[in-house]
Protein chains: 2
Amino acid sequence: MTGDDRPYRLDDQVGYILRLASQRHASLFLARFGSDLTPTQFAAMARLGEIGQCSQNELGRQTAMDVATIKGVVDRLRAKGLVSQMSDPADKRRSLLSLSPRGAAMLADLHAKGNTVTEDTLDPLDVAEREVFLSLLRKLG
Amino acid sequence: MTGDDRPYRLDDQVGYILRLASQRHASLFLARFGSDLTPTQFAAMARLGEIGQCSQNELGRQTAMDVATIKGVVDRLRAKGLVSQMSDPADKRRSLLSLSPRGAAMLADLHAKGNTVTEDTLDPLDVAEREVFLSLLRKLG
DNA sequence: GCCTCATTATTCGTATACAAATGAATATTG
DNA sequence: CAATATTCATTTGTATACGAATAATGAGGC
């Protein structure tokens, strides 16, 4: 009797449902932000606004991005003129990143849109459920 | 008084926390499956085991993958000899996919490992919390 | 100072992920 | 049945995402 009679269902796997929720969020994000900024680029800018000037790898750590991933993200943000780079005089390895004036000027609008996307995403839940969900989700982060 | 005094926090955005949880899940998945199979490849195989023979686009829809994404996934599963393809005699556009004998033989083991990854991922939650979390997460999928 | 180790940024390779466009085949509709 | 619309699979381009490797630089121990 080593068999398991319960049918296996992909729909019950947390990884799969997480992917579905992430996809829906990405779709809602795109609807609000258009192709101006991706969720990842948004995260990098928001964090840079929070912590101020820092190195590229540090920004990657603060946004849970691999060194290879954050490089591409920063490259694209610099190409858009939203992030500025200067070399660190105290450490020749580092380049110090900061929001450009244009990037900083966009922050308030980004915050408003970001909050709207979070509300859109949580819309299927009532207020009490949102609290519970975010609390539990945070434990899995 | 149009300003918002509350500080904006990336850590409170559901999209960001979803990404963190997905990252942790991917890491746990990798620990169990090694580089044999990715979560996406696993999902495609599990679903193909559930619904049986179907077209490539149909498998994509059943696993929430874009036509371009499912193509790459199926290509790699075929290269590993886990999925077989034949042309549909009734519709020249379609190619019918099915698990290969080797792929089908792996299913039981995949199910066991898949369940373990789900348990690993939900480990920070107690049994009652898991029920609640999955129920709420499903509403966002 | 010198050796070792850690950190920074970059690069390469692989794998999702999706929008958009294409050609072939099928379905629908007037 | 002929014009239109839809579906299937493929391809291209862009953007994460991460493991692994590398060169340059910095830090610590002796």
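Since this is a predicted model, take the numbers as computed values, not measurements. Below, read A as the first sequence line, B as the second, and so on, with proteins coming before strands; counting in each chain starts at 1.
- Sequence order on DNA chain C of the closest nucleotides to D91(B) and R94(A) puts R94(A) first from the 5' end.
- Every pair passing ring pair (Phe, Tyr, Trp, His ring centres under 6.0 Å) that includes a residue from residues 109-134 of chain A is listed here, sequence neighbours excluded: H111(A)-Y8(B), F133(A)-F133(B).
- The two atoms that bring K80(A) and R102(A) nearest to each other are O-NH2, 2.6 Å, heavy atoms only.
- Screening residues 82-103 of chain B for ring pair (Phe, Tyr, Trp, His ring centres under 6.0 Å), with sequence neighbours left out, gives no hits.
- The ring pair (Phe, Tyr, Trp, His ring centres under 6.0 Å) contacts involving residues 86-105 of chain B comprise nothing, where partners must be two or more places apart or lie in separate chains.
- Sequence order on DNA chain C of the closest nucleotides to Q85(A) and P89(B) puts Q85(A) first from the 5' end.
- In the 5' to 3' direction, nucleotides of DNA chain D lying under 4.0 Å from heavy atoms of chain B begin and end at dT7(D) to dC18(D).
- When the C1' atoms of four end pairs are superposed on the next four at each end of the helix from dG1(C)-dC30(D) to dG30(C)-dC1(D), using five pairs per end, the two resulting axes differ in direction by 30°, to 10°.
- Considering all non-hydrogen atoms of both residues, L137(A) and A21(B) come closest at CD1-CB, 3.8 Å.
- The nearest whole Å value for the distance from the NZ atom in K92(A) to the P atom in dT8(C) is 17 Å.
- Applying the salt bridge (charged side-chain N to carboxylate O under 4.0 Å, His left out) criterion to R138(B), with sequence neighbours excluded, gives D12(A).
- For N57(A) and dT10(C), the CG to P distance is 9 Å, given to the nearest whole Å.
- Within the structure, the ring pair (Phe, Tyr, Trp, His ring centres under 6.0 Å) test picks out the following pairs touching residues 41-75 of chain B (sequence neighbours left out): F29(B)-F42(B), F33(B)-F42(B).
- Taking OG of S98(B) as the start and CD1 of I51(B) as the end, the distance is 11.5 Å to the nearest 0.5 Å.
- Separating the CG atom of D88(A) from the C1' atom of dT8(C) is a distance of 11 Å, rounded to the nearest angstrom.
- Residue K71(A) is in base contact, counting any heavy-atom pair closer than 4.0 Å across all strands shown.
- Residues from residues 43-55 of chain A that place a heavy atom under 4.0 Å from any atom of DNA chain D: there are none.
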Readout for nucleotides 15-24 of chain C: B = base within 4.0 Å of protein heavy atom, S = sugar-phosphate only, - = neither; 5' to 3' it is SSBBB----B

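- In terms of phosphate contacts, R61(A) brings no side-chain nitrogen or oxygen within less than 4.0 Å of OP1 or OP2 of dT7(C).
- A search for salt bridge (charged side-chain N to carboxylate O under 4.0 Å, His left out) contacts involving E129(A) returns K139(B), not counting sequence neighbours.
- Residues that satisfy the salt bridge (charged side-chain N to carboxylate O under 4.0 Å, His left out) test with D75(B), not counting sequence neighbours, are K71(B).
- Summarising the geometry, atom CD belonging to Q53(A) is positioned 4.5 Å from atom CG belonging to L96(A); distances are rounded to the nearest 0.5 Å.
- Note that OG1 of T63(B) is 9.5 Å distant from CG of L48(B), once rounded to the nearest 0.5 Å.
- Residues satisfying the salt bridge (charged side-chain N to carboxylate O under 4.0 Å, His left out) criterion with R32(A), sequence neighbours excluded, are D120(A).
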